[in-house]
K.L.:
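Input: one structure, supplied below.
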Amino acid sequence: MKKHVVVYKKLAEPLLARLRAECEVTYFEAIDAGNRAAFADAIRGAHGLLGASVRLDRALLDPALDLHIISTISVGVDQFDVDYLRERGILLANTPDVLTETTADTIFALILASARRVVELAEFVKAGRWTRSVGESQYGVNVHGKTIGMLGMGRIGRAVARRAALGFGMQVLYVNGEAVPEVDAALGARQVALDHLLAKSDFVCVVLPLTAQTERMIGRREFALMRPGAIFINGSRGRIVDEAALIEALQQGTIHGAGLDVFEREPLAPDNPLPGMANVVALPHIGSATHETRYAMAQQAVDNLLAGLRGERPRHLVS
Ligand SMILES: NC(=O)C1=CN([C@@H]2O[C@H](COP(=O)(O)OP(=O)(O)OC[C@H]3O[C@@H](n4cnc5c(N)ncnc54)[C@H](O)[C@@H]3O)[C@@H](O)[C@H]2O)C=CC1
Ligand SMILES: O=C(O)C(=O)CO
């Protein structure tokens, strides 16, 4: 008998066809208030789940007695209670590596756009306001030759650090679970204490996973330790930062600016002041969002799911 799979994200036709060849598929392109009850109902009879961005809590998963594997189309797994899945014997697979370089590109775009005011000045030109040479009030700050402090020196952290050191001649400091000697040797990077990194960096860049340890790791105290000229970049998860403290630091000039791909609440609450601030470049969580990379992630997630359902070990197993 074919295994039952629930897909809860829009999937390219060839990938859906691969799933349908081996499984009975219930397909939701996205989950919203209108289909949430049908989604919950489908999960009850599922052997496998495949999708992204939806928090799958106990209330949804408790009734899924036959569930064997969840394959998320993301590297981040903070939307899952990993201990609960482990207790239940439900496998969790993710999509590392394939999105690393694309996400590092996005983070570097935020670094350059924030420092050189690319979005603000492009809007200025589009609005037809470029009527004479720009003045000092429109100057940016250099990126090349500056110091970047990486919070997280994992896959994406290393890809950002490589761009910074080799492409832009930047000095790299980092805080990580452990020192990474090969990065130190290749890029002249140094692991330092958090407070030292905050005090010495021109760019502070977050690429940590969201965990109980990293949640709200950057708050008022940490912003106060940063340089007044510092630019804060967040490319991983909004909840690693106390967003109210970030807003305050930007409004009071404690730091110079911010480039943000992620927020405490996504999509943004309409009254969130961050996107409207002149010293903020805000993106709608597009770190990995290129055609090539999103397809590769979905393909990897399908591979993981089918391996798990066949009784094999998925290549990218979280737990
Ligand atoms: N904006 C976006 O669209 C994307 C965001 N992400 C986010 O980026 C995160 C990182 O991804 P990868 O680099 O692939 O993960 P990774 O697991 O390779 O790297 C994470 C690094 O953080 C370090 N770390 C973990 N907890 C720490 C702590 N408490 N203190 C210091 N260091 C700590 C680990 O030692 C590790 O080196 C993902 O978990 C995800 O949340 C990932 C892809 C796209
Ligand atoms: O993979 C992730 O964790 C993302 O945030 C989106 O690619």
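Please read these numbers as outputs of a predicted model, since none were measured by experiment. Start at 1 and go down the list; that is how both ligands and their atoms are numbered.
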K.L.:
Looking only at heavy atoms, what is the nearest atom pair of I90 and L67, with distance?
P.N.:
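Taking every non-hydrogen atom into account, CG1-O, 3.6 Å.
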K.L.:
Going by distance only, is there an N or O of R237 that falls short of 3.5 Å from an N or O of ligand 1?
P.N.:
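Yes, at least one N or O pair falls under 3.5 Å.
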K.L.:
Report yes if some heavy atom in the side chain of R190 is under 4.5 Å from a heavy atom in the side chain of D184; otherwise report no.
P.N.:
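Result no, sub-4.5 Å side-chain heavy-atom pair not found.
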K.L.:
Who gets closest to atom 21 (C) of ligand 1 by heavy atom: T293, V75, N176, L208?
P.N.:
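Among T293, V75, N176, L208, the closest heavy atom to atom 21 (C) of ligand 1 belongs to N176.
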K.L.:
Under the side-chain contact (heavy atoms from CB on, under 4.5 Å) rule, collect the residues that match up with L225, sequence neighbours excluded.
P.N.:
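Scan of L225 (side-chain contact (heavy atoms from CB on, under 4.5 Å), adjacent residues dropped) gives D195, L198, R221.
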K.L.:
Apply side chain to side chain contact (heavy atoms under 4.5 Å, CB included) to the pair L194 and L151, showing each step before the final yes or no.
P.N.:
CA-CA 8 Å; L194 175 64; L151 302 183; 3.7 Å; yes
K.L.:
Identify, for atom 13 (O) of ligand 1, the protein heavy atom at the shortest distance, and state residue, atom and that distance.
P.N.:
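Result: I156 N, 2.9 Å.
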K.L.:
Looking at residues at least two apart in the chain, or sitting in another chain, which of them share a side-chain contact (heavy atoms from CB on, under 4.5 Å) with L121?
P.N.:
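Only R117, Q138 meet the side-chain contact (heavy atoms from CB on, under 4.5 Å) criterion with L121.
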K.L.:
Polar-atom distance check: G287 versus ligand 1, any N or O pair below 3.5 Å?
P.N.:
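Min N/O separation from ligand 1 is below 3.5 Å for G287.
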K.L.:
Heavy atom under 4.0 Å from ligand 1: found in D261's side chain, backbone, both, or neither?
P.N.:
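Within the 4.0 Å criterion, D261 contacts ligand 1 through side-chain atoms alone.
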K.L.:
So for L210, does at least one of its heavy atoms come nearer than 4.0 angstrom to any atom of ligand 1?
P.N.:
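No, that is not the case, since the closest heavy atom of the residue is not under 4.0 Å from the ligand.
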K.L.:
Could you tell me the residue and atom name of the protein heavy atom closest to atom 8 (O) of ligand 1, and the distance to it rounded to 0.1 Å?
P.N.:
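Result: S236 CB, 3.5 Å.
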K.L.:
More than 12 heavy atoms of other residues, nucleotides or ligands under 6.0 Å from CZ of R310: yes or no?
P.N.:
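Buried by this count: over 12 neighbours within 6.0 Å.
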K.L.:
V207 heavy atoms, cut-off 4.0 Å: which ligand 1 atoms fall inside?
P.N.:
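By the 4.0 Å cutoff, the relevant atoms are 10 (C).
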K.L.:
Let me know which protein residues bring a heavy atom to under 4.0 Å of ligand 2; chain then number is fine for ordering.
P.N.:
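Residues S74, V75, G76, L99, R237, H285, S288, M297 each place a heavy atom under 4.0 Å from ligand 2, listed by chain and number.
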K.L.:
At less than 4.0 angstrom from any non-hydrogen atom of M153, what atoms of ligand 1 do you find?
P.N.:
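Within the 4.0 Å cut-off of M153, ligand 1 contributes 37 (O).
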K.L.:
Does ligand 1 have an atom that lies less than 4.0 angstrom from a heavy atom of G235?
P.N.:
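It does; at least one heavy atom falls under 4.0 Å.
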K.L.:
How long is the gap from CG on L91 to CZ on R86, to the nearest 0.5 Å?
P.N.:
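Rounded to the nearest 0.5 Å, the CG-CZ separation comes to 11.0 Å.
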K.L.:
Could I get the full list of side-chain contact (heavy atoms from CB on, under 4.5 Å) partners for R216, not counting sequence neighbours?
P.N.:
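In terms of side-chain contact (heavy atoms from CB on, under 4.5 Å), with neighbours along the sequence ignored, R216 is linked to D242, E264.
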K.L.:
Taking all non-hydrogen atoms of both residues into account, name the closest pair between T290 and T102 and its distance.
P.N.:
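Answer, listing the atom of T290 first, then T102: CG2-CG2, 3.5 Å.
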K.L.:
Under a 4.0 angstrom heavy-atom cut-off, which atoms of ligand 1 come close to G177?
P.N.:
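In order of numbering, the contacting atoms are 23 (C), 31 (C), 32 (N), 33 (C), 35 (O).
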K.L.:
Between P314 and A93, what is the shortest heavy-atom contact and its length?
P.N.:
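Heavy-atom minimum between the residues: CB-CB, 4.3 Å.
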K.L.:
Classify the ring geometry of F232 against F223: parallel below 30°, tilted from 30° to 60°, perpendicular beyond 60°.
P.N.:
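Because their plane-to-plane angle is over 60°, the rings of F232 and F223 count as perpendicular.
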K.L.:
Please state which protein non-hydrogen atom is closest to atom 2 (C) of ligand 1 and give its distance, to 0.1 Å?
P.N.:
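Scanning the protein heavy atoms, the shortest distance from atom 2 (C) of ligand 1 goes to H285 NE2, 3.5 Å.
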K.L.:
Is the closest side-chain donor-acceptor distance between T95 and H316 under 3.5 Å?
P.N.:
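Not at all, the side chains of T95 and H316 share no donor-acceptor pair under 3.5 Å.
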K.L.:
Cut-off 3.5 Å, side chains only: do R227 and S201 have a donor facing an acceptor?
P.N.:
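Their side chains do not contain a donor-acceptor pair, so the 3.5 Å distance test is not met.
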K.L.:
Can you sort out which atoms of ligand 1 are near S288, meaning under 4.0 Å from one of its heavy atoms?
P.N.:
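Answer for ligand 1: 3 (O).
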K.L.:
With respect to atom 19 (O) of ligand 1, which of S74, G76, G154 exhibits the smallest heavy-atom separation?
P.N.:
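Result: the heavy atom closest to atom 19 (O) of ligand 1 is in G154.
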K.L.:
For atom 17 (O) of ligand 1, which protein heavy atom lies nearest, and how many Å away is it?
P.N.:
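For atom 17 (O) of ligand 1, the nearest protein heavy atom is R155 NH2, 3.5 Å.
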K.L.:
CZ of R116: more than 12 outside heavy atoms within 6.0 angstrom?
P.N.:
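Check fails, neighbour count at 12 or below.
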K.L.:
Strictly under 4.0 Å, does any heavy atom of T211 approach an atom of ligand 1?
P.N.:
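In this structure, T211 fails to qualify as a contact of ligand 1 - no heavy atom is under 4.0 Å.
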K.L.:
Considering only non-hydrogen protein atoms, determine which one is nearest to atom 22 (O) of ligand 1 and report residue, atom name and distance to 0.1 Å.
P.N.:
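Heavy-atom neighbour on the protein nearest atom 22 (O) of ligand 1: P209 CD, 3.4 Å.
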K.L.:
Suppose we measure from atom 26 (N) of ligand 1 to each protein heavy atom; which comes out shortest, and what is that distance?
P.N.:
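Of every protein heavy atom, T214 CG2, 4.0 Å lies nearest to atom 26 (N) of ligand 1.
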K.L.:
For D97 and Q300, test the side chains for any donor-to-acceptor distance below 3.5 angstrom and give the result as yes or no.
P.N.:
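Distance-only check fails for D97 and Q300.
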